[in-house]
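One structure is given below, encoded as structure tokens.
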Amino acid sequence: MKKELSKAYIPADHEDEIYSEWEKSGYFNPDNLDCVKDAEYYSIVMPPPNVTGILHLGHATILALQDILIRYNRMLGKKTLWLPGTDHASIATTTKIELLLKEESLTRHSLGREKFLKRLTYFAQESHDTISKQIKKMGSSCDWSREAYTLDKTRSKTVRAVFKLMHDDGLIYRGDRIINWCPRCQSTLADDEVNHELQHSILYTFKYSKDFPFSVSTTRPITKLGDTGIAINLKDERYNKHLGKTIKTDFVGIPLELKVVADRSIDMEFGSGAVGVTPAHSFTDWKIMEDHGLKTIKVINEQGLINENFGEFSGKTVKEAEILVINKIKEAGLLIDETEIENNIGICYRCHTHIEPLPSLQWFIDVNKKIEKFDKSIKEISLDAVSTGVLGKSKINIIPTNFEKTYFNWMDNLRDWCISRQIWFGHRIPVWYKNNPNLEILNSKHNQDIHVGIEPPEGDGWTQDKDTLDTWFSSGLWTFSTMANAPEQITIQNGKIEIDNADFKNYHPTNVLETGRDILPFWVTKMILMTIYATEDIPFKDVYLNGLVLDEKGQKMSKSKGNAIDPLNMIEKYGTDATRLSVVIGTSPGNDVRLGESKIANFRNFTNKLWNIARYILSTYDLDAKTKITEINKLTLADKWILSKLNNLIVDTDSALDKYQFSLAGENLRDFCWNDLADWYLEVAKFEKTKSKPIILNHILEVILKLWHPFMPFITETIWKELNKKQLLMVQSWPKPISVITNESSTTAKKNFGTIRSIITNIRNIRSQYKVSPTLKIKATIYTKGDLDFIEKSKNIIKSLKTGLEEIAIQEKGEKIKNTVYFNVGSVEVYLEIPNLNLEAEKKRLQLEMKNKNSVITRLQSKLNNEDFVNNAPHDIIKLEREKLGLWTNELEQIESQYNNL
RNA sequence: GGAUGUAUAGCUCAGUUGGUUAGAGCGUCACGUUGACAUCGUGAAGGUCAGUGGUUCGAGUCCACUUACGUCCACCA
């Protein structure tokens, strides 16, 4: 039955309906898939978007690429799981809710921990529904029945278990370390939560006391009260005689003991060339302190006030004390120089307060400590995992491979990881204290009983640590924590995390992690580190990193700049399929993409083209789905040509997708559909009406729908329904090349039809070049030495396809025809008789051709005359070049004789 | 300062392990189009592959240096 489809494809009419059909079918859940018994498992765990997030083009890219992999592997017949989830993102979410509270003139402190968390949880739940709806809008075929949340009960248990495991192994320690402290937020900040801002400051150069042998320079004189050393460059002859000495002095009334040390980081040219080392309030100085065994004196406290024991400075704010110190320096006549300089200063990314580097009692993960069971540190294990493979597992591949360098660089420089945050929302640190008189500020190590455990300790008087864990701690466990579906399944056994269920055995390690290249350092490294440690297995076999989506000018998209493209808006306007294609085609791994709305509109045109291909086929042919293509006994040249092209297309798509070459796969598919199928085969079929066309076209249509499905799930499923199929396209088996034509006949078919195509193209070309009126009929004479047969058979096609030929004469090689336009395709020579031909124009055209061919021939000849080439190049290459030369020379001769004949 | 990436047509980018005359999409221009196509078709113009040097019979592809732009990290006493 022939069938009429609507004139254009309107995505909004189909997408929601199709998605709910998929959901109802249950096939997103691999347990419901009808796979063979020993089918392979394939799994991806979705990088969890922030629970309060809104879908942006970065998500859209990540989701589209993963969905392609998932749908492809599902159609290949694998047990395919895509596990979705969301991240609680403690800091981002806290910031959001604080903004909301601000509108009501509330703060988290005025609200109190309990009420604050209650509001936040409610808010997170509401937002969660928004982001998951948006994930569905993208057509993501993930298994919602297994959805996870980084802060739900099961994930929390995993977090506590891993914390305990690491603590027992001595990897987690509590210590005084220098950290970024925001005095306003009253919290530590991770390094990546600190922004740097350029500002003008005054660089003071002065001596600690009159007779002091060095002068030092600083922009923050107040911190000098905590100096415990002087650092110089080893090569600095002015100072190196003092090396190793400890100098006692009195600085504005405060006694200091300063040890002179040499450090590579000191620039002799900057300031006086000597640096007062303040370990407590500078990261570089902290490192110098560690390297040279200096003391630490803390000047500024967590409230931003000067500590006790600093005489008149104590209790003052940093600003007040700063002024006081400067005045004192000036009064005492110690100041040598004041200059204005520009320097970078750390700013809290949330509230813009200057951060204070402070030593503070925090929880850390020791990345260099040797773990007994591995006899290596987690840092070493993580390096091995990507370089050589670890614990007998194959190595993790990062795609593109050059990002492995970034990974190694990052890992090499990994410092102990501060995992505690003074934020309320998140996984509370599973540590309980007893007999602590000062629980508000947990800064005292004295008189504490400590319990570290998955569950709280029994008995009274225990109080849990007030801090929460860095969000990345729980995201680092994501690939395996998501495999559990109840807290009871998670246990510690033989020093590692065990999850007692089938999913963990079947789907972990996952096959690939697909995510944005920007979070390689933060997230990917931590997943590798944590997972190998906790489960003694890798989290994933491959990592595919996609680039960032930039605007048309190459700038980052952001709401504040107003250059952000909202994918939901695009989906509404152009459809999900077009939006997906626009972030997949024209992108390559790790490289950023520039994307404008016009690109999406362009892919909308293609979806419409595909729709019209289907519409045309369905309305013109009474498709035959019952007869197998292998049962056809007579195929025309064009049939063989398109079928062999289709075979290649399947093979190429497979190989591209297996290598994560999404863009290449998409481009090949588009080329086939648009150029080969629509522009050629369907056009030929208009004139070449054979009985087998309904079978062949049905076959081609089914195959391209299957091949396109991972890329454009909605439109392909919609068309599939129009084919009156009972089963969903999403669970059809992936197409394989057909053996209906042998390799030999397919190559000749492709070559011969290619010749026909070339002849037609040339004729059209010449008509347009000489501005031959479309109504004017012209005559062609075709000479060919060898096989006349295929041209004879394709005569009607040549005539019909917009060539405007009246007559075609085909004969074996004869004499030149005067006053004609000549061209050749391989050994086939074609003469066109065009009435009122402009001979001068034709002469010019032939001259140009001769010039082109001549230059190529000259180059080939000089190459073949080169002795080095002849002696050293591989034989087949030389042979190829000789053949080429012969061919070109031959063609040149023919053009020359035609030129003379004019 | 450390690391890393990019440079190919007017624009956005492909270009697999070195090997036919370096490709695609968009844009531009010309011609055509009343029946599958919010158009579509046919074609044209447009490239010292950033520069210099090297390896090789052969380099867009490998190596070194130079230039320009970018990203990440660290940091500016």
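Here is how names work: the chains are called A, B, and so on, in the same order as the sequence lines, proteins then strands, and each is numbered from 1.
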Would you classify [X] as touching base, sugar-phosphate or nothing, given that sugar-phosphate means primed atoms plus P, OP1 and OP2, and contacts are heavy atoms under 4.0 Å?
X	result
A/Asn402	sugar-phosphate
A/Ile10	base
A/Asp679	sugar-phosphate
A/Phe606	nothing
A/Asn608	base
A/Arg220	nothing
A/Thr620	nothing
A/Lys405	sugar-phosphate
A/Trp410	sugar-phosphate

If we only count heavy atoms from C-beta on, is the [X] to [Y] side-chain gap below 4.5 Å?
X	Y	answer
A/Trp417	A/Lys526	yes
A/Tyr9	A/Ile719	no
A/Tyr204	A/Ile202	yes

Pick the closest RNA chain B nucleotide for A/Asn591 and for A/Ser217 by heavy atoms, then say which residue is nearer the 5' end. A/Asn591

Measure [atom1]/[X] against [atom2]/[N] and give the value in whole Å, please.
X	N	atom1	atom2	value
A/Leu697	B/A36	CG	P	14 Å
A/Ile178	B/A77	CD1	P	14 Å
A/Glu683	B/A36	CD	P	9 Å

Phosphate contact ([N] OP1 or OP2) by [X] side-chain N/O below 4.0 Å:
X	N	value
A/Asn605	B/C26	no
A/Ser588	B/A14	yes
A/Arg615	B/C37	yes

Quick check: A/Trp708 with A/Phe711 (ring centres under 6.0 Å apart)?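 Here the rings of A/Trp708 and A/Phe711 have centres that are less than 6.0 Å from each other.
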
Can you check whether A/Tyr544 and A/Phe662 have ring centres sitting under 6.0 Å from each other?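 Under 6.0 Å, so yes.
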
Dot-bracket encoding per residue of RNA chain B, Watson-Crick/G-U cut-off under 3.5 Å, | denoting interstrand: (((((((..((((.....[...)))).(((((.......))))).....(((((..]....))))))))))))....

Would you mind telling me which of [options] lies closest to the side-chain atoms of [X]?
X	options	result
A/Asn409	B/A3, B/A77, B/A36	B/A3
A/Lys7	B/A38, B/A77, B/C73	B/A38
A/Phe283	B/A77, B/C73, B/C75	B/C75

At a cut-off of 3.5 Å, list every protein nitrogen or oxygen paired with a nitrogen or oxygen from nucleotides 10-12 of chain B, distance to 0.1 Å.
{"from": "B/U12", "atom 1": "OP1", "to": "A/Arg594", "atom 2": "NH1", "distance (Å)": "2.9"}

Less than 4.0 Å between a side-chain N and a carboxylate O, is that true for A/Arg615 and A/Glu722? no

Give a yes or no on whether a salt bridge exists between A/Arg517 and A/Asp592, defined as a side-chain N under 4.0 angstrom from a carboxylate O. yes

Separation between CZ of A/Arg670 and CD of A/Glu667, rounded to the nearest 0.5 Å: 6.0 Å

Taking atom CG of A/Leu697 and atom OH of A/Tyr616, what is their separation to the nearest 0.5 Å? 8.5 Å

Anything under 3.5 Å between a donor and an acceptor, one on a side chain of residues 671-679 of chain A, the other on a protein residue two or more places apart or in another chain? List them.
{"from": "A/Asp676", "atom 1": "OD1", "to": "A/Arg757", "atom 2": "NH1", "distance (Å)": "3.3"}

Considering residues at least two apart in sequence or located in another chain, which fulfil the side chain to side chain donor-acceptor pair (under 3.5 Å) criterion with A/Gln661? none

For B/G47 and B/A24, measure between their P atoms and round to the nearest Å. 15 Å

Suppose you measure atom P in B/G19 against the same atom in B/C63; what distance do you get, rounded to whole Å?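 Between the two P atoms, the distance is 15 Å.
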
Can you list, by residue number, the residues of residues 660-678 of chain A that have a non-hydrogen atom closer than 4.0 angstrom to RNA chain B?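 The stretch gives A/Arg670, A/Trp674, A/Ala678 as the residues lying under 4.0 Å from the strand, ordered by number.
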
In residues 217-228 of chain A, what donor-acceptor pairs under 3.5 Å come from side-chain atoms, sequence neighbours left out?
{"from": "A/Ser217", "atom 1": "OG", "to": "A/Thr205", "atom 2": "OG1", "distance (Å)": "3.0"}
{"from": "A/Thr218", "atom 1": "OG1", "to": "A/Arg220", "atom 2": "N", "distance (Å)": "2.9"}
{"from": "A/Arg220", "atom 1": "NH1", "to": "A/Glu356", "atom 2": "OE1", "distance (Å)": "3.2"}
{"from": "A/Arg220", "atom 1": "NH2", "to": "A/Glu356", "atom 2": "OE2", "distance (Å)": "3.0"}
{"from": "A/Thr223", "atom 1": "OG1", "to": "A/Arg220", "atom 2": "O", "distance (Å)": "2.9"}
{"from": "A/Lys224", "atom 1": "NZ", "to": "A/Asp227", "atom 2": "OD2", "distance (Å)": "3.4"}
{"from": "A/Lys224", "atom 1": "NZ", "to": "A/Gly276", "atom 2": "O", "distance (Å)": "2.8"}
{"from": "A/Lys224", "atom 1": "NZ", "to": "A/Thr278", "atom 2": "OG1", "distance (Å)": "3.3"}
{"from": "A/Asp227", "atom 1": "OD1", "to": "A/Thr278", "atom 2": "OG1", "distance (Å)": "2.5"}
{"from": "A/Asp227", "atom 1": "OD2", "to": "A/Tyr208", "atom 2": "OH", "distance (Å)": "2.4"}
{"from": "A/Thr228", "atom 1": "OG1", "to": "A/Lys295", "atom 2": "O", "distance (Å)": "2.8"}

